[in-house]
Amino acid sequence: MTRGYSLEQDLSLLVNNTKYSDIEILCEDGKKLYGCRAILAARSELFDSLLYNGMKESFENKISFPKINSSGMKIILEYIYTGLIKKESLNKNNIIEAFYAADFFQLTDLQENIVRVVNNTLESENYSPELLSNIVEIMPFIEDNILQNLLVEKVATIPLNTIEFDRLSIAGLQCLLSFTHKKAKSFATPEYEVFRYSAILAAKQVSNDAFKTLMKCLPTLEQIKNSIQVENEPITDHCKVTKELEPLIDFIDFNQIKGKILTDIIEPLGIIPAKTILDAYRQKARSHNTDFNEIRGTQFWDELACGSKLFIEENGKVVSASNDCHTHQGVRAKILIDSKGIFEWDFIIEKACKWFWVGVCAPGSFNNDEPIGWALSSEGRYYNSGNYLEDYCPSLGDGTRITVHLDMNKKTCAFTVDGTRYPEVLNCNNNLPSKFYPVASLCYPGRFRIQSHQKLDVII
């Protein structure tokens, strides 16, 4: 190509070109790259301070970077010379090294460029578990690391039981769990499956025999629901597995695992500290055996089960009606309640609308005129599968906090409104289904928040 037409094209000829270079760059992997001292210094304050500091680097024709490998350094040189990075220059094998190098050389624009490329690439090919494992090897856990946060967000949307055990490292899993532990972030994996994946991955680091044993002893939730018999057998290298699992224990919330699974499956393994198990039992006793929040984070509205004029905000925590939503539309939450136990969650009416209701209904009746389930209306009316109880509680308005108490053992439901708990009403339907979703119905200007139940002083 004729020179002089494109500055970018002309400067790209200088990248790693010995003919136009006056300094060797020695990388971590022993490879040499070549650069022009003046251009490097003009484009990077770090290079300027290293190459024109009056010390030995100012006079020698080589400089070493023992923590930057050549794949990352090539990206740095391309960006320094041309001001951009071609999409084809980045791939899953060099992205993390390039980001680390950009951080080292304080090239913020390059870091942001890399993050955009990663985000776009992962939309079509999600190798975020591998990238997360790679980045934690060379960069510490820092919550303001934009690439780490992106990768955690991407991995969190993948059910862990679908990720092969050789794709995510122990350190990568620890980063994922620590960044999402007790935080209102979207997470696709029930907490028992988080423990199961962690324990099996820990065993895999120890030995193949330990890995095979844990695979047998820890069934999936689907297998548990189908009453598949659990095989109890001694764990090979038991102490080593316990030690390998130890860094992950603090980031697994055993309170969110059903009590029966704790007693029948997890505790007999003997790989969890007794205090951790005991604390989980105590918490369940204090919360009246509430088993609702099986997934870390919070309850979320489901965008796939939402009226066309309703929109979901704040990562699934809030639903609002658009200003042209004049008739009521329904929305349900993501988590299906389909087992025995007492389940509790909160609705907060941030902005009330004309006649609304919140509650719980069976999956198939969500859009029916008379859904199967329980609900509380804005006028304080209690609804149960086509039957109404007037004046159950005072009218609801802006700022009202409603706690739903769903007892799946007795198939009853009660509501607490602004700290006052109202009584259960006997069920009028003897043929209730065994599965329910939290639901709401609203119109403009309605705005409702859903969240895990916050324990407050309750007047009974």
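Note that the numbering runs from 1 along the sequence shown for the chain.
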For [X] versus [Y], what's the shortest heavy-atom pair and its separation?
X: Leu269; Y: His238; answer: O-NE2, 3.3 Å
X: Leu51; Y: Arg37; answer: O-NH1, 3.5 Å
X: Ala199; Y: Leu218; answer: CB-CD1, 3.8 Å
X: Tyr444; Y: Ser322; answer: CB-O, 3.2 Å
X: Val439; Y: Cys361; answer: CG1-SG, 3.7 Å
X: Leu77; Y: Ile25; answer: CD2-CD1, 4.0 Å

Side chains of [X] and [Y]: does their closest heavy-atom pair fall under 4.5 Å?
X: Thr242; Y: Cys239; value: no
X: Asp103; Y: Gln111; value: yes
X: Phe343; Y: His405; value: no
X: Lys216; Y: Leu214; value: no
X: Arg332; Y: Trp301; value: no
X: Ile224; Y: Ile265; value: yes
X: Ile249; Y: Phe254; value: yes
X: Ile146; Y: Asn149; value: no

(message) Let's go through Leu310 and Leu442 carefully: what are the C-alpha distance in whole Å and the side-chain angles of both, what is the deciding distance for side-chain contact (heavy atoms from CB on, under 4.5 Å) to 0.1 Å, and is it a yes or a no?
(response) CA-CA 9 Å; Leu310 302 180; Leu442 65 157; 4.0 Å; yes
Would a distance-only check, ignoring hydrogens and angles, find a side-chain to backbone donor-acceptor pair under 3.5 Å from [X] to [Y]?
X: Asp398; Y: Ala352; answer: yes
X: Gln205; Y: Leu201; answer: yes
X: Asn145; Y: Gln148; answer: yes
X: Gln223; Y: Thr220; answer: yes
X: Glu344; Y: Val404; answer: no
X: Asn94; Y: Ser89; answer: yes
X: Thr82; Y: Leu84; answer: yes
X: Asp48; Y: Ser44; answer: no
X: Glu193; Y: Leu221; answer: yes
X: Ser133; Y: Pro129; answer: yes

Charged N-O contact under 4.0 Å between [X] and [Y]:
X: Glu78; Y: Lys86; answer: no
X: Glu350; Y: Arg449; answer: yes
X: Arg447; Y: Glu313; answer: yes

From [atom1] ([X]) to [atom2] ([Y]), nearest 0.5 Å:
X: Cys443; Y: Asp324; atom1: SG; atom2: CG; answer: 11.5 Å
X: Lys309; Y: Thr327; atom1: NZ; atom2: OG1; answer: 6.5 Å
X: Leu33; Y: Ile68; atom1: CG; atom2: CD1; answer: 11.5 Å
X: Cys27; Y: Glu97; atom1: SG; atom2: CD; answer: 10.5 Å
X: Ser128; Y: Leu168; atom1: OG; atom2: CG; answer: 9.0 Å
X: Ile271; Y: Ile266; atom1: CD1; atom2: CD1; answer: 8.5 Å

(request) Answer with yes or no after comparing the ring centroid distance for Phe179 and Phe251 against a 6.0 Å cut-off, counting only values under it. (result) no
(message) Under 6.0 Å between ring centres: does that hold for Phe165 and Tyr197?
(response)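 Between Tyr197 and Phe165, which both carry aromatic rings, the centre distance is below 6.0 Å.
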(request) On the 0 to 90° scale, with breaks at 30° and 60°, tag the Phe347-Trp345 ring pair as parallel, tilted or perpendicular. (result)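 Aromatic pair Phe347/Trp345 classed perpendicular.
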(request) With ring-ring contact (aromatic ring centres under 6.0 Å, His included) as the test, would you mind laying out the steps for Phe47 and Phe65 before giving the verdict? (result) CA-CA 11 Å; Phe47 267 120; Phe65 293 100; 5.7 Å; yes
(request) Run the numbers on Met408 and Lys435 for side-chain contact (heavy atoms from CB on, under 4.5 Å), then give the verdict. (result) CA-CA 9 Å; Met408 290 290 283; Lys435 299 179 180 182; over 6 Å; no
(message) Could you walk me through whether Glu191 and Asp253 satisfy the side-chain contact (heavy atoms from CB on, under 4.5 Å) test, starting with their C-alpha distance in whole Å, then the side-chain angles of each, then the deciding distance to 0.1 Å, before giving a yes or no?
(response) CA-CA 7 Å; Glu191 205 68 10; Asp253 193 345; 3.8 Å; yes
Hey, are [Y] and [X] close enough side-chain-wise for a donor-acceptor pair under 3.5 Å?
X: Glu267; Y: Tyr281; value: yes
X: Lys31; Y: Asn69; value: no
X: Asp346; Y: Thr403; value: yes
X: Ser207; Y: Asp209; value: no

(message) Run Lys67 and Glu28 through salt bridge (Lys or Arg N to Asp or Glu O under 4.0 Å) and show every step you take.
(response) CA-CA 5 Å; Lys67 293 185 178 180; Glu28 176 191 29; over 6 Å; no
(request) Walk me through it: do Ile170 and Leu248 pass the test side-chain contact (heavy atoms from CB on, under 4.5 Å)? (result) CA-CA 8 Å; Ile170 286 285; Leu248 304 177; 4.2 Å; yes
(request) Measure from NZ or CZ of Lys204 to the centre of the six-membered ring of Phe211, then state whether that distance is under 6.0 Å and the direction lies within 45° of the axis. (result)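 Output yes; distance and angle both within limits.
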(request) Mind running side-chain hydrogen bond (donor to acceptor under 3.5 Å, both in side chains) on Asn119 and Lys154 for me, showing each step along the way? (result) CA-CA 9 Å; Asn119 191 34; Lys154 295 293 185 181; 3.1 Å; yes
(message) So if I apply the side-chain contact (heavy atoms from CB on, under 4.5 Å) rule between Phe105 and each of Arg43, Met73, Glu45, which one comes out positive?
(response) Met73
